[in-house]
Amino acid sequence: MKPLIGISCCVKAFGIFATPNHAASDTYVRAALGPVGGIPVLLPAAGEALAPQILPRLDGLILTGSRSNVCPEHYEGPPHAEGTPEDHDRDATTLPLIRAAIAAGLPLLAICRGFQELNVALGGSLDQRIQDLPGRIDHSTPVDQQLPRLRVAKAHDVRLAPGSLVAQLAGGTEVAVNSLHNQGIARLAPRLVAEGWAPDGTVEAVRVKDAPGFAYGIQWHPEYDWERDVVSRALFERFGAAAAAWAARRHLLPQAAE
Ligand SMILES: N[C@@H](CCC(=O)NCCCC(=O)O)C(=O)O
């Protein structure tokens with residue numbers, strides 16, 4: 001049995017009536033079907049009631065990227081600038097989902113917005129426009145340049161902690177990554193260990209301290225280039241191996257009464 005991989009959705013307006021839909025990029029579905037080796041299960045932004053009902057049925061969880069941003073109320077930050085996209089329903093779903101998944105030891109891979117959610121869910125905070133901070137580079141991809149090539153282009157290097165997961169996968173302590181974000185980690189959550197940094201010091205990779213299983217977050221987007229980038233592919237494969245092991249255990253254990 002292939003592992004079931006939960007993929008977080010955003011609420012997005014579609015069609016002439018701007019009808020709210022729960023959506024995730026095809027890139028995450030293809031990564032789940034490809035290098036992860038699982039079956040993707042889209043998780044609607046249905047609020048905190050989702051976690052206890054869905055987590056026992058999953059073998060891994062991917063927290064996806066999004067142009068929307070974690071609401072500052074979740075980390076006691078200042079209100080966003082006018083026009084900054086938010087997704088309250090997603091926040092209300094993913095923050096408790098992350099905490100429950102980590103408590104259960106479910107394999108978890110947090111990407112970009114998901115990386116930021118991981119930090120906030122565990123008590124950290126965010127800078128809302130890092131490009132405005134002294135000494136920091138612009139990590140964003142301007143909306144008018146949403147060209148596919150920018151999603152796979154390498155924007156900057158990431159220095160990796162020796163022996164860290166990505167360093168093991170990269171076979172060294174540096175990796176080149178794409179970059180599509182305005183926000184970033186300000187206060188690192190107590191349970192997170194930073195394992196990768198951009199040249200301007202922006203935290204780009206974290207692991208969950210004392211996590212019983214695979215629990216990592218990255219600020220970049222491996223789902224865009226795993227077909228060409230060996231480290232991106234290896235990261236999904238390592239996550240997939242953890243999910244497959246979880247699935248094997250789950251099928252061996254008697255199912256809890258539902
Ligand atoms: N909104 C946050 C997180 C950025 C993020 O997840 N970007 C992915 C965008 C998807 C795309 O444009 O392909 C931030 O700006 O930091």
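As the structure lists them, so they are numbered: ligands from 1, and atoms in each ligand from 1.
Donor-acceptor pairing under 3.5 Å is lacking for the side chains of Glu86 and Ser68.
Between His156 and His139, the ring planes are perpendicular. Angles over 60° get that label, and only those under 30° would be called parallel. Using cut-offs of 30° and 60° for the angle between ring planes, the Phe214 and Tyr216 rings count as perpendicular.
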>> Using the rule given for side chain to side chain donor-acceptor pair (under 3.5 Å), can you reason through His221 versus Glu223, listing the C-alpha separation, both sets of side-chain angles and the distance that settles it, and then say yes or no?
In response: CA-CA 5 Å; His221 289 269; Glu223 77 280 8; 2.5 Å; yes
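Heavy-atom distances between His139 and ligand 1 stay at or above 4.0 Å for every pair.
Using a 4.0 Å cut-off between a side-chain N of Lys or Arg and a carboxylate O of Asp or Glu, Arg90 and Asp87 do not qualify as a salt bridge.
Within ligand 1, counting atoms from 1 as listed, the ones closer than 4.0 Å to a heavy atom of Arg151 are 11 (C), 12 (O), 13 (O). Every atom of ligand 1 is numbered from 1 in the order shown, and the set under 4.0 Å from a heavy atom of Ser68 is 1 (N), 2 (C). Set against the non-hydrogen atoms of Arg113, the atoms of ligand 1 under 4.0 Å away are 3 (C), 6 (O). Proximity to Arg67 (heavy-atom distance under 4.0 Å) selects the following atoms of ligand 1: 1 (N), 12 (O). Applying the 4.0 Å criterion to heavy atoms of Tyr224 picks out, from ligand 1, the atoms 10 (C), 11 (C), 13 (O).
Note: no N/O pair closer than 3.5 Å links His181 and ligand 1 by distance alone. For Ile111, no nitrogen or oxygen atom sits less than 3.5 Å from a nitrogen or oxygen atom of ligand 1, counting backbone and side chain alike. Remark: ligand 1 and Gln219 share no N or O pair separated by less than 3.5 Å (distance only, no angle test).
Relative to atom 4 (C) of ligand 1, the option among Cys112, Gly65, Ser25 with the closest non-hydrogen atom is Cys112.
Arg159 forms a cation-pi arrangement with Trp197, by the criterion of a distance under 6.0 Å to the ring centre and an angle within 45° of the ring axis.
When the shell of 6.0 Å around CD of Glu48 is examined, it contains 12 or fewer heavy atoms from other residues, nucleotides or ligands.
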